[in-house]
Each structure stands twice: as C-alpha cells, then as structure tokens.
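Please read all numbers here as calculations on a predicted model, not as lab measurements. Heavy atoms only: backbone and side chains are in, while hydrogens, waters and symmetry mates are out.
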Amino acid sequence: MNPVDDEGRVSFDAWVRTAQSRLMKSAFLMTGDAYHAQDLVQDALVKVAARWEKLRDENPDGYARRILYRDHVSWWRRSREFPVVVMPEGSPRDLSESSVDYLVVGAALERLTRKQRAVLVLRYFDDLTERQTADVLGVSVGTVKSQCSAALTRLRKGAPELAAFKFGGASDV
C-alpha cells in the first residue's frame, strides 16, 4: 500500500475495522489458540495491506482467509505441535451460555484433522459456499464435500455434546 495514497489508506482502514473480528473468529476456530490466532490475523492484514491497491476492488476477505489457512498449515508443518485449549486458573465459574457453547464447539473442532476443521470453519462459521471454500483452500469442490462429510460424521460419533447445534442448515451433528 502506497503510504502517500490517502484514499487507499482510508479504504484499507475501513475494511480492517469490518473484517478484523471475522478473521479473528475464524483464526481462533482454526487454531484453538488465541495468541496464535492473533498472530495469523496480524500477518494476514500486513499481507493484504501490501497488495491493497489490487485487492480493494476484488475480494480482500477471500485473500485474507486464504492467507490465514495457508499460514496456519505452514506453521503447523514447521512446529508439529498440537495446541491445547485450557481454561486459565481462577476462570469464572458462571460462564454465559454463549461462552459455554463456544468452548464446546472449540473442543469438538480439536478432534478433527486440520483440513476437516478448516472446511467446517469456512463453510459453516464463515458462511462460504462450497466453491468459495474450495478456492480458499486450493482444492476441488469434491474435496470440500468429502472433507465436510467426513468431519460431520466424525463429530456425530465423537462429540455427542453437539447434538443441539446446527451447522449451516445441515442436519444436527
């Protein structure tokens, strides 16, 4: 992004204000770790900023999601560590219903492979179509369908606590 271009800076700043929370939510659901999610979002925003002149008239959200997914996979391949979400000591015992739901869904997503998790996050939490999900992940629509089916089957068997949740119009898990 050219620092002299005030119009570009204003449009980028406006986009960041609207997209940042969506990207953070997706990154957290993919990683299961708030700190790693923040790093992914920050890196994605820097990369979008570098190409803003071209992206602002196209699809910056899709580009940012693609960066989140690919950077997360690259990080995972380098580290081979599996993050574990642990409630900190002294956490409030009276969690709201939405907080409990968030923790239940997050724990269930931890049971999936990285690709299955990414497909579910993009399809049902980011509300992308099968085609859009395939484009973000760089795979075929058939792969999205098969990964989605395998993930939902895995959740039905291994996460009965999700029976009350709906995934994007799909039948109950």
Side-chain angles (χ1 to χ4, degrees), residues 15-16 18-33 36-85 101-102 104-173:
W15 175 77
V16 168
T18 62
Q20 191 169 14
S21 64
R22 288 191 310 267
L23 294 173
M24 185 61 195
K25 181 178 171 184
S26 296
F28 179 76
L29 288 169
M30 274 192 251
T31 64
D33 178 82
H36 184 59
Q38 289 171 346
D39 289 344
L40 282 176
V41 170
Q42 183 176 2
D43 290 347
L45 294 176
V46 168
K47 290 174 182 177
V48 169
R51 299 195 60 203
W52 185 250
E53 291 304 313
K54 180 178 181 186
L55 290 172
R56 73 175 167 180
D57 296 327
E58 292 180 11
N59 184 10
D61 285 2
Y63 184 76
R65 279 191 202 99
R66 189 174 302 117
I67 291 168
L68 288 177
Y69 171 72
R70 290 184 179 164
D71 285 358
H72 176 56
V73 169
S74 294
W75 170 83
W76 174 75
R77 285 181 179 150
R78 282 190 311 270
S79 70
R80 294 290 186 192
E81 294 177 11
F82 295 91
V84 177
V85 178
D101 290 349
Y102 199 71
V104 168
V105 170
L109 288 174
E110 283 291 323
R111 298 174 183 150
L112 302 175
T113 66
R114 300 240 180 234
K115 190 174 277 190
Q116 290 171 345
R117 187 177 186 158
V119 167
L120 287 187
V121 169
L122 293 170
R123 285 283 292 130
Y124 300 118
F125 294 95
D126 287 350
D127 293 325
L128 298 185
T129 65
E130 289 171 343
R131 166 59 37 210
Q132 291 169 323
T133 301
D135 290 345
V136 167
L137 299 177
V139 299
S140 71
V141 172
T143 298
V144 169
K145 289 178 180 181
S146 66
Q147 289 296 312
C148 187
S149 176
L152 291 175
T153 298
R154 192 171 191 173
L155 289 176
R156 280 184 196 99
K157 291 179 182 173
E161 66 274 16
L162 290 182
F165 289 89
K166 294 268 189 194
F167 284 90
S171 61
D172 290 340
V173 174

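- When Arg66, Arg65, Arg22 are each tested for a salt bridge (Lys or Arg N to Asp or Glu O under 4.0 Å) with Asp126, only one passes: Arg65.
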Could you give me the CA-CA distance, side-chain angles and deciding distance for Asp135 and Arg131, then say whether salt bridge (Lys or Arg N to Asp or Glu O under 4.0 Å) is met?
CA-CA 6 Å; Asp135 290 345; Arg131 166 59 37 210; 3.1 Å; yes
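- Between the Gln147 side chain and the Val144 main chain, no donor and acceptor come within less than 3.5 Å of each other.
- In this structure, Arg123 and Leu128 have side chains that are not in contact, with every pair of non-hydrogen atoms separated by 4.5 Å or more.
- Under the 4.5 Å side-chain criterion, counting only non-hydrogen atoms from C-beta, Val121 is not in contact with Val119.
- When all heavy atoms of Gly138 and Arg70 are compared, the pair lying nearest together is CA-NH2, 4.0 Å.
- Leu45 has its side chain within reach of Trp15: a pair of non-hydrogen atoms, C-beta onward, lies under 4.5 Å apart.
- Considering Val136, Val141, Thr143 as possible partners of Val139, the one that fulfils the side chain to side chain contact (heavy atoms under 4.5 Å, CB included) test is Thr143.
- Side-chain atoms of His72 and His36, non-hydrogen and from C-beta on, do get closer than 4.5 Å to each other.
- Counting non-hydrogen atoms of neighbouring residues, nucleotides and ligands closer than 6.0 angstrom, the CD atom of Gln38 exceeds 12 such neighbours.
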Going through the distances and angles, do Met24 and Gln20 end up as a side-chain contact (heavy atoms from CB on, under 4.5 Å)?
CA-CA 6 Å; Met24 185 61 195; Gln20 191 169 14; 5.5 Å; no
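- At least one donor-acceptor pair closer than 3.5 Å links the side chain of Thr31 to the backbone N or O of Ala27.
- Interatomic distance, OH of Tyr63 versus NZ of Lys47, reported as 7.5 Å (0.5 Å rounding).
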Report the C-alpha distance between Ser146 and Ser149 in whole Å, list the side-chain angles of each, state the deciding distance to 0.1 Å, and finish with yes or no for side chain to side chain donor-acceptor pair (under 3.5 Å).
CA-CA 5 Å; Ser146 66; Ser149 176; over 6 Å; no
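- The number of heavy-atom neighbours closer than 6.0 Å to CD of Glu130, taken from other residues, nucleotides and ligands shown, is above 12.
- For the pair Leu152/Leu120, a side-chain contact is recorded, criterion being any heavy-atom separation below 4.5 Å from C-beta on.
- With a 4.5 Å cut-off on side-chain heavy atoms, Lys115 and Tyr69 count as touching.
- Residues Ala64 and Val48 approach most closely at CB-CG2, 3.9 Å, considering heavy atoms.
- Side-chain contact check for Leu40 versus Phe28: every heavy-atom pair is 4.5 Å or farther apart.
- Leu23 CG to Met30 CE: the interatomic distance, rounded to the nearest 0.5 Å, is 9.0 Å.
- Counting all heavy atoms, side chain and backbone alike, Gly62 lies closest to Asn59 at N-OD1, 3.0 Å.
- Using modelled atom types, one side-chain atom of Arg154 and one backbone atom of Arg111 make a donor-acceptor pair closer than 3.5 Å.
- The backbone N or O of Thr129 sits less than 3.5 Å from a side-chain atom of Gln132, completing a donor-acceptor pair.
- Considering only heavy atoms from C-beta on, Asp43 stays 4.5 Å or farther from Ile67 through its side chain.
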